[in-house]
Amino acid sequence: MRIATWNVNSLKARLARVEEWLADVQPDVVCLQETKLADGAFPAMAFQALGYDSVHHGEGRWNGVAILSRVGLDNPVNGFGPEDPDPQARLIWATCGGVRIASAYVPNGRSLDDDHYQYKLRWLARLRDQLAASEDPAQAIIVAGDYNIAPTDADVWDPKHFVDATHTSRPERDALAELESWGLIDTFRLLQPEPRLYSWWDYRAGRFHKHEGMRIDLVMGTQSVADRVTFATIDRNARKGQQPSDHAPVIIDIAD
DNA sequence: ATGGTGGCCCGGCCA
């Protein structure tokens with residue numbers, strides 16, 4: 001089973017590229033982030049025509065997450081559940097091909113002194129609480145998405161550039177470590193240990209062409225998923241050419 | 001780089 005995560009930075013602006021990419025890469029499950037669509041505008045029929053069932057949790061102008069699947073799509077849940085709603089559309093769950101899968105768009109944080117940074121840390125803690133309350137780490141579970149955290153300095157083009165900035169701060173990395181202590185593993189790193197492999201490059205200052213990016217898009221899976229990973233890559237081709245997202249897809253294959 | 005580019009959609013906000 002091939003599983004991918006991709007922050008598309010507007011599905012309206014990116015639909016043609018996403019359709020082309022689906023035909024080329026042939027993923028079984030795709031977690032999308034930043035669709036920037038209301039649910040009524042989500043192009044479910046375009047995906048159905050390509051063989052994918054889909055669920056979307058959107059709010060319109062900002063955020064928005066989706067899961068596409070051609071291996072079944074059951075028991076969808078939006079966010080942290082009805083009793084404790086998140087005002088922003090950043091998380092959706094579904095069961096696909098026997099794996100409980102979440103598409104997550106972790107808040108950016110903006111800056112260390114911004115209220116949005118505290119929202120980011122609380123959001124990550126709530127994700128951890130949801131896992132602890134509702135999921136069993138002995139099962140096959142994947143939380144894939146844009147974490148807006150570079151796990152280590154090996155995931156950043158220039159750590160000095162991010163001193164006193166978000167994405168590399170100790171509290172953010174501690175929050176990621178809390179997810180790992182529950183039982184999630186950075187599956188990409190199991191097969192790709194070398195440093196300076198990135199999934200996001202700022203549109204500005206020619207960062208992509210200078211190979212100056214960060215690895216902030218992660219496929220976090222439980223041990224039973226990690227044991228089955230046979231292939232992992234970042235599809236840099238999707239960051240090239242006309243009107244790319246600023247993120248590239250991360251792709252994982254797991255054995256049946 | 002208190003810049004830069006690109007999404008939202010037309011004045012800023014967000015990344």
Side-chain angles (χ1 to χ4, degrees), chain A residues 5-21 30-43 46 56-66 79 86-92 103-124 127 144-151 155-169 171-173 175-176 198-218 234-250:
Chain A
T5 182
W6 193 6
N7 179 324
V8 294
N9 185 21
S10 170
L11 187 55
K12 183 180 177 185
R14 220 68 62 204
L15 181 59
R17 283 196 69 131
V18 172
E19 290 174 314
E20 263 179 64
W21 177 85
V30 185
C31 296
L32 299 176
Q33 301 87 39
E34 278 205 275
T35 62
K36 296 184 175 179
L37 294 174
D39 288 335
F42 183 77
H56 179 251
H57 176 38
E59 61 183 82
R61 186 172 180 183
W62 307 114
N63 310 311
V65 286
D86 184 353
Q88 303 190 349
R90 296 181 172 276
L91 183 67
I92 189 167
S103 176
Y105 177 42
V106 177
N108 173 286
R110 298 178 192 165
S111 63
L112 301 186
D113 59 357
D114 198 301
D115 287 346
H116 195 70
Y117 179 73
Q118 296 304 321
Y119 170 59
K120 179 181 196 173
L121 296 177
R122 283 197 303 273
W123 198 96
L124 288 160
L127 177 59
D146 177 359
Y147 278 73
N148 273 313
I149 301 169
D155 301 304
V156 180
W157 63 274
D158 180 7
K160 294 191 296 295
H161 190 84
F162 295 92
V163 172
D164 297 326
T166 58
H167 294 64
T168 64
S169 74
E172 290 165 88
R173 286 177 170 168
L176 185 60
Y198 309 130
S199 65
W200 171 86
W201 301 260
D202 200 314
Y203 285 122
R204 299 167 288 188
R207 294 279 186 227
F208 181 69
H209 303 288
K210 293 191 278 192
H211 304 283
E212 296 175 347
M214 284 199 284
R215 192 175 67 91
I216 56 176
D217 298 273
L218 310 176
I234 296 171
D235 185 5
R236 294 182 76 259
N237 286 329
R239 182 61 175 79
K240 301 175 183 174
Q242 296 261 312
Q243 292 185 296
S245 170
D246 46 354
H247 296 251
V250 181

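Reminder, nothing fancy here: chain letters follow the sequence lines and each chain counts from 1.
Between the P atom of B/dA15 and the CD1 atom of A/Ile149 lies a distance of 15 Å, rounded to the nearest Å. The distance from atom NZ of A/Lys120 to atom C1' of B/dA15 is 11 Å, rounded to the nearest whole Å. As rounded to whole Å, 11 Å separates atom P of B/dA15 from atom NE2 of A/His247. Rounded to an integer number of Å, the gap from A/Asp146 CG to B/dG7 P is 17 Å. The separation between A/Asp246 atom CG and B/dC8 atom C1' is 13 Å, rounded to whole Å. Atom CD of A/Gln242 and atom P of B/dG7 are 11 Å apart (whole Å). Atoms CZ (A/Arg90) and P (B/dC14) sit 11 Å apart, rounded to a whole Å.
Between the A/Asp155 side chain and the A/Arg215 main chain, no donor and acceptor come within less than 3.5 Å of each other. With A/Arg14 contributing its side chain and A/Gln243 its backbone, the two residues share a donor-acceptor pair below 3.5 Å.
A heavy-atom distance below 4.0 Å to DNA chain B is reached by these residues of residues 104-111 of chain A, ordered by number: A/Tyr105, A/Asn108, A/Arg110.
Taking every heavy atom of both residues into account, A/Asp202 and A/Arg207 meet most closely at O-CB, 3.4 Å. The shortest non-hydrogen separation linking A/Trp123 to A/Asp86 is NE1-OD2, 2.6 Å. Minimum heavy-atom separation, A/Ala150 to A/Ile216: N-CG2, 3.8 Å. Nearest heavy-atom pair, A/Trp6 versus A/Ser245, reported as atom, atom and distance to 0.1 Å: NE1-CB, 4.0 Å.
Phosphate contact (OP1/OP2 of B/dC14, side-chain N/O of A/His116, threshold under 4.0 Å): absent.
When the P atom is used for both B/dC10 and B/dT5, the distance is 23 Å, rounded to whole Å. Rounded to a whole angstrom, the distance from the C1' atom of B/dT2 to that of B/dC8 is 23 Å. Nucleotides B/dC14 and B/dC9 are separated by 15 Å at their P atoms, to the nearest Å.
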Scan nucleotides 4-6 of chain B against the protein and return all N/O pairs shorter than 3.5 Å with their distances rounded to 0.1 Å.
residue, atom, partner, partner atom, Å
B/dG4, O6, A/Arg204, NH1, 3.2
B/dG4, N1, A/Arg204, NH1, 3.3

Quick test: give all pairs of protein nitrogen or oxygen and nucleotides 9-11 of chain B nitrogen or oxygen below 3.5 Å, distance rounded to 0.1 Å.
residue, atom, partner, partner atom, Å
B/dG11, N2, A/Arg61, NH2, 3.4

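Mapping A/Ala13 and A/Asn63 onto DNA chain B by nearest heavy atom places A/Ala13 at the nucleotide closer to the 5' end. When each of A/Ser10 and A/Gln88 is assigned the nucleotide of DNA chain B with its nearest heavy atom, A/Ser10 is the one assigned upstream, toward the 5' end.
With a 6.0 Å radius and a threshold of 12 heavy atoms from other residues, nucleotides or ligands, A/Asp158 has its CG atom above the threshold. Counting non-hydrogen atoms of other residues, nucleotides and ligands closer than 6.0 Å to NZ of A/Lys210 gives a total above 12.
The side chain to side chain contact (heavy atoms under 4.5 Å, CB included) search around A/Arg239 returns A/Trp201, A/Tyr203, A/Phe208, A/Pro244, A/Asp246, A/Ala248, not counting sequence neighbours. Listed by chain and residue number, A/Phe47, A/His56 satisfy the ring-ring contact (aromatic ring centres under 6.0 Å, His included) test with A/Phe42 (two or more places apart in sequence, or in another chain).
Within the 4.5 Å cutoff, side-chain heavy atoms of A/Arg173 are placed close to those of A/Thr168.
Applying the salt bridge (Lys or Arg N to Asp or Glu O under 4.0 Å) rule to pairs touching residues 104-121 of chain A yields A/Lys120-A/Glu172, sequence neighbours excluded.
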